[in-house]
Number of protein chains: 2
Amino acid sequence: MMFSTELALQECVICKKTENLGFNYGVLTCGACKMFFHRVIFTKKVESYCKYNQNCTSKCRHCRFQRCIQNGMLYTPIENLLNANNQDMLSALIFNLSCLDSNRRDKLFSYHLIGDPTIYELAKAGSLKLEERPADYRMDVMEWGYISGIISVDYMYKLPFIKSLEVDDRAVIFRYCYFYLSLLSDSLRAFNSKKAFICFPDGTEVVKLNSPGVTKYFENKIRCRLAGRVNELNITNEEISLLSVILICNPALPNLSSSAKILLASYQKIYTTALLQYCLLTYQKTGPSRFADLLSLFQVVIKTRQDISHHFVICQLNGPPACLKKLFWS
Amino acid sequence: MMFSTELALQECVICKKTENLGFNYGVLTCGACKMFFHRVIFTKKVESYCKYNQNCTSKCRHCRFQRCIQNGMLYTPIENLLNANNQDMLSALIFNLSCLDSNRRDKLFSYHLIGDPTIYELAKAGSLKLEERPADYRMDVMEWGYISGIISVDYMYKLPFIKSLEVDDRAVIFRYCYFYLSLLSDSLRAFNSKKAFICFPDGTEVVKLNSPGVTKYFENKIRCRLAGRVNELNITNEEISLLSVILICNPALPNLSSSAKILLASYQKIYTTALLQYCLLTYQKTGPSRFADLLSLFQVVIKTRQDISHHFVICQLNGPPACLKKLFWS
DNA sequence: AAATAAGGTCACCAGGTCAC
DNA sequence: GTGACCTGGTGACCTTATTT
């Protein structure tokens, strides 16, 4: 929009070429990179690693596709996903989302964002410039919480419709979603590593255990409620991917502008339809109930967040005050 | 570019056939010659001389391959050269480049270009029409300098990506590189003939010795600095081949268009990776430092060119004015 | 009507195969 | 060894749908 008059001065964010530009899949790219992205998500033929090993040229398909994901290219199916003919659209969408997730997973291990930004500052920035964590970076509960929150924000920025919102609307969404998204991703990690409780990648607990003033039972509820439910459900990566996007597309959030509400509602429709269709295809007759079970996970996530906040407040009252990043209270 | 619309009217530059044409390895050829070239550079099975001696038929593999090289067919590896599986790509590339070098060596002995073209005219020409030197052709420093410069330009024209550039960009590259390329090739010749100084093939010095106004020490520095370093390093033909191409792929040259910069940067990456991989394979543990040593040769080459220019200016001031070909000042 | 971003088509080139 | 033929990825160019 703001670009359209200056298109000639811009370049493809994937390959830096300046000819044949346009907004394709939400990102300013050349026609060649548009076709490349389309082909990859519809045929899924892309190497899962970089053959070039750090010394990559523009010809490497893996890295070219990583740049597409990193820059937020996202396929949005427009036709009715419930139509059986459109199954390849559904799988293209799911593949695309699962790439976002693996991008997110990679970053959680080794990236961070310097500083202590407020939510509004994050929303105003337009995108995040994450950096690699130094090798000796000391991680604790607070740092893990901060970094997973930041990476959830980075994740939301990968959705073109989030970028197209006004700053105020984006701030509302970020504030509401960052914690839930982190929890969803924590729960998938717990399931994949066959753990009955959620924790950070290095094993750090999500709350400080044995804190004064809280019962063991309460701490265990925080650690296990969500992981237990996810394990019961035998959740898939694809389901968590779709649930994450659906969570973000919540037009019912307070203080959203009416245009944002309309936009989010339309995307919510697309992604809930996609999840339903995924359930119908994967679970056949039990698809509808599966769909309901998955959506009910939101309640568990919300409850877990409440408990973690609660736990933190109790710790603050009973122990030495901790320094809290602005992300958590701005 | 200009060919694509008239492909039907064209012919294979190797064998003159008109069917099954395409731009293969940067040159308009038929499919058969494409396969022939590919086979030769990947298996290196080609006679080093022409069995038919001047009376060659189209069946001679040696002469067919010479036509491929002469017309600028060049293999460009796109996969990862650092991958051990792709070692045959590296050796194909190196073999291809060494053929360019030997083509260049042959021409230096017996070819020339009539006239006194400017750099821009050379860049605009699209290719050079070299001719055999008459048997009684008198060679002196100036003539040798001119001819090696011209042959360096001819060498650059053998690289398809140079041909694909705009005239202005090509002129920038020619102006910057022709002298350095000649010096690199002079230094290899010095090493191969076990000389401690650089000189032209017939023994002519690269600068007029005992010129008034310059010290013996300065003249000796010009003659020996580069040759000395190359002898110290025990340089190989392959290394000079790769260094020559890397020198040409310099996206940092002033006044290049942005598209030329992008193009050159991508080729620079390919060829520096190839050189690094060559060093790692050939020198094992000392490969990385060898790589650094080789790249540092550029500094010696640059210094030598400066000194030669300097020397020439001093001679001009102190002696009778020499007639200078436009190549050197256009 | 004009502009935009989807998707479709097809000629193109690198490389592989195989009968000759 | 040769070259016709095939394959897979590519990108210029075209059509279509939608918005303004």
* Structure fact -> note: Gln10(A), atom CD; dT4(C), atom C1'; distance rounded to Å ~ 16 Å

* Structure fact -> Residue set satisfying salt bridge (Lys or Arg N to Asp or Glu O under 4.0 Å) with Lys158(B), at least two apart, ordered chain then number -> Asp154(B)

* Asked: Among pairs that include at least one residue of residues 252-262 of chain B, which meet salt bridge (charged side-chain N to carboxylate O under 4.0 Å, His left out), considering only residues two or more places apart or in two chains?
  -> none

* **Intra- and interstrand pairs of DNA chain C - dot-bracket, Watson-Crick/G-U under 3.5 Å, | marks other strand** => ||||||||||||||||||||

* To do: Please state whether the phosphate of dG15(C), meaning OP1 or OP2, lies under 4.0 angstrom from any side-chain nitrogen or oxygen of Tyr75(B).
  => yes

Every protein N/O within reach of nucleotides 14-19 of chain D N/O, cut-off under 3.5 Å:
none

* Among dG16(C), dG11(D), dA6(C), the one nearest Asn24(A) by side-chain distance -> dA6(C)

* Pair Asn237(A), Ser98(A): side-chain N/O donor-acceptor within cut-off below 3.5 Å -> no

* **Lys16(A): partners by salt bridge (Lys or Arg N to Asp or Glu O under 4.0 Å), with sequence neighbours left out** => Glu11(A)

* **All pairs passing salt bridge (charged side-chain N to carboxylate O under 4.0 Å, His left out) where residues 236-253 of chain A contributes a residue, at least two apart** => Glu239(A)-Arg290(A)

* **Pairing residues for Tyr25(B) by the ring-ring contact (aromatic ring centres under 6.0 Å, His included) criterion, not counting sequence neighbours** => Phe37(B)

* Could you verify whether a donor N or O on one side chain and an acceptor N or O on the other, from Tyr267(B) and Thr76(B), lie under 3.5 Å apart? => no

* **Gap between atoms CG and P, on Leu21(A) and dA5(C) respectively (whole Å)** => 10 Å

* Mind checking Phe37(B) for me? I need base, sugar-phosphate or nothing, with any heavy atom below 4.0 Å counting as a touch. => nothing

* Would you please name every residue forming a side chain to side chain contact (heavy atoms under 4.5 Å, CB included) with Leu253(B), sequence neighbours left out? => Val172(B), Ile173(B), Tyr176(B), Asn250(B), Leu256(B)

* Structure fact -> Which of dG11(D), dA5(C), dG15(C) is nearest the side chain of Phe23(A)? It is dA5(C)

* Structure fact -> From CE of Met89(B) across to P of dA14(C) the rounded distance in Å is 13 Å

Under 3.5 Å, which N/O atoms of the protein pair with N/O atoms of nucleotides 7-9 of chain D?
{"from": "dG9(D)", "atom 1": "O3'", "to": "Arg61(A)", "atom 2": "NE", "distance (Å)": "3.4"}

* Heavy atom of residues 94-102 of chain B under 4.0 Å from DNA chain D: which residues? -> none

* Would you kindly give the OH-to-C1' distance between Tyr25(A) and dT4(C), to the nearest whole Å? => 14 Å

* Asked: Are Arg64(A) and Phe36(A) in a cation-pi setup, meaning NZ or CZ lies under 6.0 angstrom from the ring centre and within 45 degrees of the ring axis?
  -> yes

* List in chain and number order the residues that pass side chain to side chain donor-acceptor pair (under 3.5 Å) with Asp101(B), two or more places apart in sequence or in another chain; answer none if no residue qualifies. => Ser241(B)

* Asked: Can you check the Leu93(A) CG to dA6(C) C1' distance for me, whole Å?
  -> 16 Å

* Asked: Is there a side-chain contact between Lys129(B) and Ser127(B) (heavy atoms, below 4.5 Å)?
  -> yes

* Can you tell me if the side-chain N/O atoms of Asn20(A) get under 4.0 Å from OP1 or OP2 in dA12(D)? -> yes

* Arg64(B) side-chain N/O to dG1(D) phosphate OP1/OP2 under 4.0 Å -> no

* Asked: What integer distance in Å separates Glu19(A):CD from dC13(D):C1'?
  -> 15 Å

* Asked: Which residue pairs pass the side chain to side chain donor-acceptor pair (under 3.5 Å) test with at least one member in residues 29-41 of chain A, sequence neighbours excluded?
  -> Asn24(A)-Thr29(A)

* Asked: Can you tell me how far P of dG7(C) sits from CG of Asp88(A), to the nearest Å?
  -> 10 Å

* To do: Flag the pair Leu243(B) / Leu295(B) as yes when at least one side-chain heavy-atom distance between them is below 4.5 Å, and no otherwise.
  => yes

* Grab the CE-P distance between Met35(A) and dG7(C) for me, whole Å please. => 9 Å

* Asked: Looking only at side chains, do Ser152(A) and Arg104(A) share a donor and an acceptor under 3.5 Å apart?
  -> yes

